[in-house]
Amino acid sequence: MTSFQKEVYSALRKIPRGFVTSYGEIANYLDTKAVRAVGTAVGKNPNAPEVPCHRVVPISGAIGKYSGKGGVSTKIRLLAEEGVFVEHDHIKDFSHHFYRFNKGV
DNA sequence: TACATGACTATCC
DNA sequence: GGGATAGCCATGT
């Protein structure tokens with residue numbers, strides 16, 4: 001477990017239910033441009049049920065990927081359970097469900 | 001230490 | 001809007 005991963009997981013837990021955020025947003029919250037590294041850290045996700053990794057999607061509004069059971073299908077299902085529906089591999093009202101961190105508040 | 005890989009993003013066409 | 005290319009940082013071998 002690296003310090004970087006702790007930062008990432010900590011940020012993921014801040015994401016409220018029914019909302020999603022992007023890797024870039026997390027990177028920005030951590031004051032870094034390592035969006036790739038964020039994806040790598042989230043991908044490992046040793047705390048799957050403890051971290052809402054399914055609430056993280058690419059800024060493009062697509063689904064991205066999911067290392068958990070069922071893969072992307074499960075990710076989409078989980079989001080739907082929280083009120084975030086997906087249509088044609090794209091989140092509906094993405095900007096409306098997009099969550100922004102409270103940086104420095 | 002150096003190289004290769006990856007749940008990405010921005011830019012160009 | 002979609003496909004391709006370059007840049008990016010951290011991790012693992």
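Quick note on labels: first sequence line is chain A, next is B, and so on, each numbered from 1.
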Examine A:Tyr99 and A:Ile59 and state if one hydrophobic cluster contains both, with Ile, Leu, Val, Met, Phe, Trp and Tyr joined whenever side-chain heavy atoms are less than 4.5 Å apart.
no
Pairs touching residues 3-24 of chain A that satisfy salt bridge (charged side-chain N to carboxylate O under 4.0 Å, His left out), sequence neighbours left out
A:Arg13-A:Glu50
Distance in angstrom units between [X] [atom1] and [N] [atom2], rounded:
{"X": "A:Asp89", "N": "C:dG2", "atom1": "CG", "atom2": "P", "answer": "10 Å"}
{"X": "A:Asn28", "N": "B:dC8", "atom1": "CG", "atom2": "C1'", "answer": "14 Å"}
{"X": "A:Lys6", "N": "C:dA10", "atom1": "NZ", "atom2": "P", "answer": "16 Å"}
{"X": "A:Tyr66", "N": "B:dG6", "atom1": "OH", "atom2": "C1'", "answer": "18 Å"}
{"X": "A:Phe94", "N": "C:dG1", "atom1": "CZ", "atom2": "P", "answer": "13 Å"}
{"X": "A:His90", "N": "C:dG2", "atom1": "NE2", "atom2": "C1'", "answer": "9 Å"}
{"X": "A:Ile26", "N": "C:dC9", "atom1": "CD1", "atom2": "C1'", "answer": "15 Å"}
{"X": "A:Leu30", "N": "B:dC8", "atom1": "CG", "atom2": "P", "answer": "16 Å"}

Under the ring pair (Phe, Tyr, Trp, His ring centres under 6.0 Å) test, residues paired with A:Phe4 that sit two or more places apart
none
Please figure out whether A:Ser3 or A:Arg36 has its closest DNA chain C nucleotide nearer the 5' end.
A:Arg36
Shortest non-hydrogen pair, A:Thr21 vs A:Phe101, comes out as OG1-CE1, 3.8 Å
With a 4.0 Å cut-off on heavy atoms, is A:Ala37 in touch with a base, just the backbone sugar-phosphate, or nothing at all?
base
Upstream residue (5' side of DNA chain B) when A:Ile59 and A:Thr40 are each assigned their closest nucleotide
A:Thr40
So which protein nitrogen or oxygen atoms get under 3.5 Å of nucleotides 11-13 of chain B's nitrogens or oxygens?
none

Residues of residues 16-24 of chain A with a heavy atom under 4.0 Å from any atom of DNA chain B, listed by number, are A:Ser22, A:Tyr23, A:Gly24
Sequence neighbours excluded, the answer for side-chain hydrogen bond (donor to acceptor under 3.5 Å, both in side chains) partners of A:Ser10 is none
Side-chain donor-acceptor contacts of residues 81-91 of chain A below 3.5 Å, not counting sequence neighbours, with atom names and distances?
{"unit_1": "A:Glu82", "atom_1": "OE1", "unit_2": "A:Gly18", "atom_2": "N", "d": "3.4"}
{"unit_1": "A:Glu82", "atom_1": "OE1", "unit_2": "A:Arg55", "atom_2": "NE", "d": "2.8"}
{"unit_1": "A:Glu82", "atom_1": "OE2", "unit_2": "A:His54", "atom_2": "NE2", "d": "3.0"}
{"unit_1": "A:Glu82", "atom_1": "OE2", "unit_2": "A:Arg55", "atom_2": "NE", "d": "3.2"}
{"unit_1": "A:Glu82", "atom_1": "OE2", "unit_2": "A:Arg55", "atom_2": "NH2", "d": "2.7"}
{"unit_1": "A:His90", "atom_1": "ND1", "unit_2": "A:His88", "atom_2": "O", "d": "3.1"}

Could you list the donor-acceptor pairs under 3.5 angstrom formed between side-chain atoms of residues 70-78 of chain A and any protein atom two or more places apart in sequence or on another chain?
{"unit_1": "A:Thr74", "atom_1": "OG1", "unit_2": "A:Lys69", "atom_2": "O", "d": "2.5"}
{"unit_1": "A:Lys75", "atom_1": "NZ", "unit_2": "A:Val56", "atom_2": "O", "d": "2.6"}
{"unit_1": "A:Lys75", "atom_1": "NZ", "unit_2": "A:Ile63", "atom_2": "O", "d": "2.9"}
{"unit_1": "A:Lys75", "atom_1": "NZ", "unit_2": "A:Lys65", "atom_2": "O", "d": "3.0"}

By salt bridge (charged side-chain N to carboxylate O under 4.0 Å, His left out), which residues pair with A:Arg100, not counting sequence neighbours?
none
With a cut-off of 3.5 Å and sequence neighbours excluded, list every side-chain donor-acceptor pair involving residues 22-40 of chain A.
{"unit_1": "A:Ser22", "atom_1": "OG", "unit_2": "A:Glu25", "atom_2": "N", "d": "3.1"}
{"unit_1": "A:Thr32", "atom_1": "OG1", "unit_2": "A:Ala34", "atom_2": "N", "d": "3.1"}
{"unit_1": "A:Thr40", "atom_1": "OG1", "unit_2": "A:Arg36", "atom_2": "O", "d": "3.0"}

